[in-house]
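In what follows, a structure is listed as structure tokens, so that the remarks can point back to it.
So you know, we letter chains A, B, ... as the sequences are listed, proteins then strands, and number each from 1.
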There are 2 protein chains.
Amino acid sequence: MGKQESNVDRVYEALRQMAADFAFMPDQRINESELSKQLGASRTPLREALNRLVAEGFLTFQNNRGFFCRSLTPKYIQDLYGARVAVECEALRLSCVRATDSEIAALGAYLEQTEPVYETATDSGEQLTMDEAFHMRLVQLSGNAELERMLRNLNDRIRYIRLIDLKRMRDKSGARVPGELSVHSRILLGLAGRDAVAADAAMRGHIEKRREAATEAVQIAFSQLYVPQD
Amino acid sequence: MGKQESNVDRVYEALRQMAADFAFMPDQRINESELSKQLGASRTPLREALNRLVAEGFLTFQNNRGFFCRSLTPKYIQDLYGARVAVECEALRLSCVRATDSEIAALGAYLEQTEPVYETATDSGEQLTMDEAFHMRLVQLSGNAELERMLRNLNDRIRYIRLIDLKRMRDKSGARVPGELSVHSRILLGLAGRDAVAADAAMRGHIEKRREAATEAVQIAFSQLYVPQD
DNA sequence: GCATTCATAATTGTATACAGTTTAGAGTGC
DNA sequence: GCACTCTAAACTGTATACAATTATGAATGC
């Protein structure tokens, strides 16, 4: 068996990464010829990948003017956080009914294993990867593939801002008080106790808190994107 | 100003409609040459449109084998209904806080205007259009563009099944008892009273009820698709 | 300086050609 | 009949060419 992955897939993955990282500036027009050279593919597969990203909300498209990066505004980011609440809280409610005890225990073990690493990690990207993995595993427990698909898409579009927020959070506040339960632990505790209301409240509070800090993170994102410090 | 809409857009809209209606049979492989002739466009814009539909969940793609219609299974439909609950209930909770009285009154007026038409309508497609419009307007009141986008996508993928369900519902039960509030009215009443819990319960019950009937509708869908009665 | 016009360059839109891969089916042996 | 092989046809993947459209910028008039 040779390559399973097609060229379009490779181009698509690369572009998705670039779009997530705002390698294209907000509202920036994308030059197809230049980009195709850069990615080592012709415009045909490039445009196919770009069209997928339009449908996923990473890019926009204007007839006869081509593809543009999505814009970055507080409202846009607020909406993404709002959608996360919708998806993750409903998934959690479902999980309270549908997840088995062993599945919940497995996620608990994962949390216990990763939290010490998370607490001491110096790389924010690594931290965010762990955080996203926990939330994804949680939504997987709901057994609903659509909710899972939605969260994956939201995570990818919101990642750049979350990374900034995470960095700031670490700079500001000291380490969590030892012995105190982490937010993730409290969510999982609600789930284990099949207490949908408590789990929902913990999750909602968790996301809303980050959402409140997001507008400030958008400002910082702009300053990073338009005035590179390196 | 000449045409604003591009060829890709035209092809895309046509394909989306076809995919929604299962003009492609579940799991059916799509022949690009044939389809491009049928739509009067070459394979290049056709494939661009097909790629968008893959990203939206209408189609799937396998490398070197091309595009396929999404499969139609009870699980898939159940998941779509589950996602609808997530999106619509959260939108409703947001609306209880953010929607203005006049916006709610306007939706109430729309409901009062359409419900008599709805009750007496003989065309199920027309009924479904009204139903979808109400739900879309409701989610628009939340002010969250992402939730709106998500619901539009879900509606398009679930439409075929809802149409069957609506037909059956009408055949089975007689007309609603006069004087009794419609489900939509009860949802709106909860919203007007800023009672998120009541509104949520009404919405959740409404969607879950249809969801329970959906598996049966899937069976009928299959018999319709594979044994046309005309 | 500022707006307007027009020619030209740059860019996007799409048909087409052809290479690479998969699929279908005839042929063969058992 | 059944499984296997091999060849031809069908189909997908992508580069490329060229038409259509938009963007750029110099020239012009005020």
Side-chain angles (χ1 to χ4, degrees), chain A residues 1-19 22-71 226, chain B residues 1-19 22-71 226:
Chain A
M1 299 253 171
K3 58 165 183 177
Q4 289 278 29
E5 201 179 61
S6 76
N7 197 15
V8 173
D9 284 347
R10 184 183 60 77
V11 169
Y12 166 75
E13 291 297 340
L15 287 176
R16 194 184 164 98
Q17 185 86 47
M18 291 171 74
F22 282 102
F24 311 114
M25 302 287 266
D27 302 309
Q28 181 197 329
R29 184 172 173 174
I30 293 171
N31 187 319
E32 296 174 16
S33 309
E34 197 183 321
L35 193 55
S36 73
K37 249 179 284 179
Q38 193 180 322
L39 295 174
S42 78
R43 281 175 56 221
T44 308
L46 171 62
R47 281 177 62 104
E48 292 188 5
L50 289 170
N51 271 287
R52 284 198 210 174
L53 293 167
V54 168
E56 288 181 301
F58 287 95
L59 305 176
T60 61
F61 175 78
Q62 287 178 47
N63 188 26
N64 286 322
R65 303 208 34 212
F67 298 88
F68 296 78
C69 182
R70 70 197 180 284
S71 48
Y226 289 95
Chain B
M1 298 260 168
K3 58 164 185 179
Q4 289 279 28
E5 202 181 60
S6 75
N7 197 14
V8 172
D9 284 346
R10 185 183 61 78
V11 169
Y12 166 74
E13 292 297 341
L15 286 176
R16 194 183 164 98
Q17 184 85 48
M18 290 172 74
F22 281 104
F24 312 114
M25 302 287 267
D27 302 309
Q28 180 198 330
R29 185 172 175 173
I30 291 171
N31 186 320
E32 297 174 16
S33 311
E34 196 183 324
L35 193 55
S36 72
K37 248 179 286 179
Q38 193 179 321
L39 295 174
S42 80
R43 281 176 55 221
T44 308
L46 171 64
R47 282 177 62 104
E48 293 188 5
L50 288 170
N51 271 286
R52 284 198 209 172
L53 293 167
V54 168
E56 290 181 300
F58 287 95
L59 305 176
T60 61
F61 174 79
Q62 287 178 47
N63 189 25
N64 287 322
R65 300 204 1 144
F67 298 88
F68 296 79
C69 183
R70 69 196 181 285
S71 47
Y226 290 96

Practice task
Mind calculating the distance between CD (B:Gln62) and P (D:dT12) to the nearest angstrom?
Solution key: 12 Å
Problem - Rounded distance in Å - CD (B:Glu48) to P (C:dG13) - result: 8 Å
Exercise for the section: Report yes if some heavy atom in the side chain of B:Tyr12 is under 4.5 Å from a heavy atom in the side chain of B:Glu48; otherwise report no. Expected result: no
Problem - B:Arg65 (side chain) and D:dG13 (base): donor-acceptor pair under 3.5 Å - result: no
Exercise for the section: Describe the nucleic acid contact of B:Leu50 in one word from base, sugar-phosphate, nothing, applying a heavy-atom distance below 4.0 Å. Expected result: nothing
Problem - N or O in side chain of A:Arg29 less than 4.0 angstrom from D:dA23 OP1/OP2 - result: yes
Practice task
Nearest whole angstrom, please: distance from the C1' of D:dG13 to the CZ of A:Arg43.
Solution key: 16 Å
Exercise for the section: Please tell me if the side chains of B:Arg47 and B:Phe67 come closer than 4.5 Å, counting only heavy atoms from C-beta onward. Expected result: yes
Fill in the blank from the handout: Rounded to whole Å, CD of B:Glu32 lies from C1' of C:dT14 at a distance of 15 Å
Problem - Selected nucleotide, minimal atom distance to A:Phe61 side chain, candidates D:dC11, C:dT14, C:dG13 - result: C:dG13
Practice task
Starting from P on D:dT16, measure out to CZ on A:Arg47 and report it in whole angstrom.
Solution key: 17 Å
Problem - Gap between atoms OH and P, on B:Tyr12 and C:dG13 respectively (whole Å) - result: 16 Å
Problem - Sugar-phosphate only, base, or nothing, as touched by A:Phe67 at under 4.0 Å among non-hydrogen atoms - result: nothing
Fill in the blank from the handout: A:Leu35 atom CG is separated from C:dA10 atom P, nearest whole Å, by 19 Å
Problem - Comparing B:Thr44 and B:Ser33 on DNA chain D - which has the more 5′ nearest nucleotide - result: B:Ser33
Exercise for the section: Look at all strands and tell whether A:Ile30 reaches a base, only sugar-phosphate, or nothing, counting heavy atoms closer than 4.0 Å. Expected result: sugar-phosphate
Problem - Nucleotide of D:dA15, C:dG13, D:dT12 approaching A:Asn63 most closely (side-chain heavy atoms) - result: C:dG13
Practice task
Examine C:dA10: is either OP1 or OP2 under 4.0 Å from a nitrogen or oxygen in the side chain of A:Asn31? Give yes or no.
Solution key: no
Handout entry: B:Ser42 side-chain proximity, nearest of D:dT22, D:dG13, C:dT16
Key = C:dT16
Completion exercise
Taking every heavy atom of A:Ala41 against every heavy atom of A:Val11, the minimum-distance pair comes out as CB-CG2, 4.0 Å
Handout entry: Spacing between A:Lys37 atom NZ and C:dT12 atom P, to the nearest angstrom
Key = 12 Å
Exercise for the section: Decide, yes or no, whether a salt bridge links A:Asp9 with A:Arg52 under the criterion of side-chain N to carboxylate O below 4.0 Å. Expected result: yes
Exercise for the section: Any chance you could lay out the side chain to side chain contact (heavy atoms under 4.5 Å, CB included) test for B:Met18 and B:Leu35, step after step, and finish with the verdict? Expected result: CA-CA 11 Å; B:Met18 290 172 74; B:Leu35 193 55; 4.1 Å; yes
Handout entry: Side chain of B:Asn64 - closest among C:dT14, D:dA23, D:dG13
Key = D:dG13
